[in-house]
> 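One structure coming up, written as C-alpha cells, with questions to follow.
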Amino acid sequence: MTTRKQKLETLFRQHYRQMYRLATILLHDDAESKDVVHDVFAHLLASSAELHEDTAAAFLLTSVRNRCLNVIRGRKIQERVQRLYLIDLDTTIIPTDLFREETKALAEGINLLAPPVCREVVELHFRDGLTFREIALRLGVSETTVYKHLRHALQQLREHLKKD
C-alpha cells in the first residue's frame, strides 16, 4: 500500500506543475486550478486504478482537462440561471390592486405548470426557500435537471402572465 502512495507522490511531484499550468490556462482561476489538480490526485488515491509510467502524464493531463471542462460547464449553467433570475427581478412599485391581480394570475399559472415536477421545483425553491442542490437531493435528480425544470416553469409562467 505504501508503494502505491509513494508512486502517486512521485507522480504528483513530477507532473504537478504541468497539470496546474493546464488547469490555469483553461480556468483562469488560481484556486479552482489547484482544486482540480487536487481532485485528480484524490480520486487516484481513492481508486484502485494503476498508472503505467509510459502513459501516466497523458492520463493525468487528460484528467485535468476533463475536470476543467466540467467546471466550465457548471459555470455556464450557473450564469444562465443567474441571468434568468435577473430578468425575473422587477423592483417596480405597483398599486395594491394590480399586485393582487398579478399574484392571483401567478398562483393560477403555478397550478397549471406541466409536468408536475416543474410546479414542485418552483414551490420548493420560491415557497420553501430550498437551494437547487437541496431540491436535487429531495427529488433524486441532478442540479442540472432542477435548472432545466425551473427554466421550463419560468417560461410557462411568462407565457401564462402574457395571456392575462
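This one's a predicted model, so the numbers in the text were calculated from it and none came from an experiment. In what follows, residues are counted from 1 in the order of the sequence shown.
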> Is there a side-chain contact between Lys7 and Leu51 in this structure, where contact means two heavy atoms from C-beta onward sitting under 4.5 Å apart?
no

> Starting at CG of Leu137, measure out to CG of Leu130 and round the result to the nearest 0.5 Å.
10.0 Å

> Less than 4.0 Å between a side-chain N and a carboxylate O, is that true for Glu50 and Arg4?
yes

> If hydrophobic clusters are built from ILVMFWY residues whose side chains come within less than 4.5 Å, do Phe126 and Tyr147 share one?
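Same cluster: Phe126 reaches Tyr147 through Ile, Leu, Val, Met, Phe, Trp or Tyr contacts under 4.5 Å.
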
> Does Arg75 reach the side chain of Leu27, with side-chain heavy atoms less than 4.5 Å apart?
yes

> Mind listing the closest non-hydrogen atom pair of Gly129 and Glu134 along with its distance?
O-OE1, 4.4 Å

> Determine whether a donor-acceptor pair (N or O, by modelled atom type, separation under 3.5 Å) exists between the side chain of His149 and the backbone of Val121.
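No, the answer is negative, given that no donor and acceptor are paired below the 3.5 Å cut-off.
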
> Return the CZ to CG distance between Arg119 and Leu112, rounded to the nearest 0.5 Å.
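Going from CZ on Arg119 over to CG on Leu112, the span is 8.5 Å.
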
> Any carboxylate oxygen within less than 4.0 angstrom of a Lys/Arg side-chain nitrogen, looking at Arg13 and Glu9?
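Result for this pair is yes, salt bridge flagged.
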
> Do Arg21 and Tyr16 have side chains that get closer than 4.5 Å, going by heavy atoms?
no

> Under the rule for salt bridge (charged side-chain N to carboxylate O under 4.0 Å, His left out), what residues qualify as partners of Asp128, not counting sequence neighbours?
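For Asp128, no residue satisfies salt bridge (charged side-chain N to carboxylate O under 4.0 Å, His left out) once neighbours in sequence are set aside.
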
> Within the side chain of Gln18, is there an N or O that forms a donor-acceptor pair under 3.5 Å with the backbone of His15?
no

> Just how far is it from atom OG of Ser142 to atom NZ of Lys148, taken to the nearest 0.5 Å?
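Reported to 0.5 Å precision, the distance equals 7.0 Å.
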
> Is it the case that the side chain of Gln156 and the backbone of Ala114 share a donor-acceptor pair, with hydrogens and angles ignored and the cut-off at 3.5 Å?
yes

> Test side chain to side chain contact (heavy atoms under 4.5 Å, CB included) on Val36 and Leu26; report intermediate values, then the result.
CA-CA 11 Å; Val36 164; Leu26 293 173; over 6 Å; no

> How about Glu108 and Lys104: do any of their side-chain heavy atoms sit closer than 4.5 Å?
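They are in side-chain contact.
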
> Side-chain atoms of residues 37-45: list all donor-acceptor pairs with protein atoms under 3.5 Å, sequence neighbours left out, distances to 0.1 Å.
none

> Can you tell me how far CE of Met19 sits from OG1 of Thr24, rounded to the nearest 0.5 angstrom?
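Interatomic distance, Thr24 OG1 to Met19 CE, rounded to 0.5 Å: 11.5 Å.
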
> Determine whether Thr96 and Arg100 satisfy the following criterion, side chain to side chain contact (heavy atoms under 4.5 Å, CB included), listing intermediate values before the conclusion.
CA-CA 6 Å; Thr96 306; Arg100 286 187 185 128; 3.5 Å; yes

> Please tabulate, one pair per line, all N/O donor-acceptor pairs under 3.5 Å involving side-chain atoms of residues 53-69, not counting sequence neighbours.
from: Thr62; atom 1: OG1; to: Ala58; atom 2: O; distance (Å): 2.8
from: Ser63; atom 1: OG; to: Phe59; atom 2: O; distance (Å): 2.9
from: Asn66; atom 1: ND2; to: Thr62; atom 2: O; distance (Å): 3.4

> Under a 4.5 Å cut-off applied to non-hydrogen side-chain atoms, are His28 and Ser33 in contact?
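Side-chain contact under 4.5 Å: no.
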
> Does any part of the side chain of Thr3, heavy atoms only, come nearer than 4.5 Å to the side chain of Gln6, both counted from C-beta?
yes

> Side chains of Leu150 and Phe132: does their closest heavy-atom pair fall under 4.5 Å?
yes

